Each structure stands twice: as C-alpha cells, then as structure tokens.
Amino acid sequence: MPLTVIVIDDSAVMRAMILRTLRLSGLPLGEPVCCSNGQEGLDAIRARRPDLALVDINMPVMDGEEMIDRLRADPKTANVPVVVVSTESSDARVERLRAKGARFVHKPFTPEQLRDTILALTGIPNEQTPTAARAGDNVDF
Amino acid sequence: MNKLQLPLERATTSTFEELTLLWAETGAASPDGAFDHAMRVRFHGGAEGFLEIRASRGLMIAAAANMLGDDNLVSHEMGVDALGEVANVICGNVLPEIAGAEGVFRLDAPASCDARASVRADARCALTLDGGRVEVLLVVDYIKDPR
C-alpha cells in the first residue's frame, strides 16, 4: 500500500530534494503533497489524513513546532506520524519534539537516514522496501 | 583566529559537501562587491545576529542543480532558494558550535540582501568550489552562553 506523504518546507528546492530522497530510498510512495508553511501543512493534513508528514521547523506564517502542537491537540490528527527535517540542533528543542511523538532528521541528511527514520516511525518492515537506488541515480519528480 | 572562525569554516565546508555535493578549498576572502547574490539568515534566542552568504551566479546554479538532481529544473529563482537553504543549514549547524547545544535558536526565513554592502563580520569564510565562489559572513551581537 503506497504511503500518503505530505512534505512541509518553505524552500522549494528542499521540498524537491526531500521528495527525490524519498524516491531514492525505495519507500512505497503515493502521490505526495507539498506545502510551504505550517498553516498550509495543517490544512492539508486535516483534509488528507496522511500516513506521514515531513516537517521543517523554521517557516513563515506558522512554524513546524506550532503546527505539531495543533496536530496533537486535535483528536482527529493527534496520531499522524511526523518526522521533523530541520537544521535545528538544540538538545532542548529536539527533546521537546520527541516528547510530542515526532522523530528527527538533521539537515543535511542521507537517503538512508531518512528511510530508516520513516521505517521506524511507520512500522514498515525494512525487507518490504525495494532495494534503495544509489545516490546519483536519475529519479524523476 | 577568533573562536567563531573554525566553527564557521567547518559548518560551511561540510554543508556544501553534504547538501550540494560541491567540494571546496578554503581561500582568501574576496573583496566586497565581487558576488552576484546574497542571502541573510537572522537568528535569535541563545545567540543574536545574522549569517550572510554571498555567491557567484554559477555557484548558485551548480548548488541548485545538485540539490535537485537535474540541471534542467534550475532557474534563477531555484538558485536563490538553494542559496537561502544553504545559508539556513550552515547557520543551524554553526550556532550550537558557538553557543552550545543547550540553547534554543530561532532562525528567520532567508532573505535576499545587498551582495555589495560592506559588512564588519566577526568571522568570514571564503571558498572556491566547482561551480564558482562563495563567501559566508557571521555577525554575532550576543551569545548567552559562549563556548
């Protein structure tokens, strides 16, 4: 069953890079949705109930941490799996995000780091993912 | 060499290598006015100030192409976006080095600024990479808990 994924980042290049990395990682993906700030992401998650949301922290309009707080406060979206993909390095904030049930991937990241974090969060067995493509392979997005 | 210089050089070099797949040699600082575009990221919280990145157009395009994995998708806007994201990642990686991992930092969205303006930086890192040249300036007004 393909994963429904929402990618939320204010950088168009980073959104494209995350999608490319997801495809390189061999995860079974459906048609992804991209959003450029936390409010857009919140609206998309409420409308689509995705299997997974990949979220930046520092964004205009609504930052990623506030978006996660609002997700968790709503019973309809409280259990949506969230991976934070950010440059954020402070121990305090990373621990705070983990306490809210989010996993953390630090930018810059490798396809393997992103894949392993998603596998651990979604419970997809590693052997169900096709062999990951090699870095440098051409992948359309 | 001040305490900010080495962390800035490390963060800049590793970010370009890992995020844009562009390898660098540290060079002498280029004179102001020699770059095509600049992006600035202001930071707050455990430290206050800004990080600015200045780049030649060739560097911006090369970085964006490598991040996207496709030369054909790169426009000037994508180059600007890529430069801002590189600045964001360098900033996010250098702050814990200079102000401690316990601190919480807020980074503003990268914004374009004048690539020719004179800036009195506390640390400065100039690199020559495959795609062109780049210079990163760090200005720190305040550090709550200096390393």
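A note on names: the letters A, B, ... follow the listed sequences, proteins ahead of strands, and every chain is numbered from 1. Values below: all heavy atoms of this structure, side chains included; hydrogens, waters and symmetry mates excluded. No experiment lies behind these values; they were computed from the predicted model shown.
- Between B:Val89 and A:Pro108, some side-chain heavy-atom pair lies under the 4.5 Å cut-off.
- Within a 6.0 Å sphere centred on CG of A:Asp74, heavy atoms belonging to other residues, nucleotides or ligands number more than 12.
- Between atom CZ of residue B:Arg106 and atom CD of residue A:Glu65 there is a gap of 11.5 Å, rounded to the nearest 0.5 Å.
- Across B:Leu68 and A:Arg20, no two heavy atoms sit closer than the pair O-CD, 3.3 Å.
- Each of B:Leu19 and B:Leu21 belongs to its own hydrophobic cluster when Ile, Leu, Val, Met, Phe, Trp and Tyr are linked at side-chain heavy-atom distances under 4.5 angstrom.
- Using a 4.5 Å cut-off on side-chain heavy atoms (C-beta onward), B:Glu85 and A:Met17 make no contact.
- Closest approach of A:Asp10 and B:Ala109 over heavy atoms only: OD2-CB, 4.1 Å.
- Heavy-atom distances place no part of B:Asp108 under 4.5 Å from chain A, backbone and side chain included.
- B:Thr15 contributes atom OG1, which lies 11.5 Å from atom NZ of A:Lys107 (distance to the nearest 0.5 angstrom).
- Atom-to-atom distance recorded for B:Asn88:CG and A:Ile57:CD1 is 11.5 Å, nearest 0.5 angstrom.
- For the atom pair A:Thr87 OG1 and B:Leu95 CG, the distance stands at 8.5 Å (nearest 0.5 Å).
- More than 12 heavy atoms of other residues, nucleotides or ligands lie within 6.0 Å of CZ in A:Arg96, so this atom counts as buried by the packing criterion.
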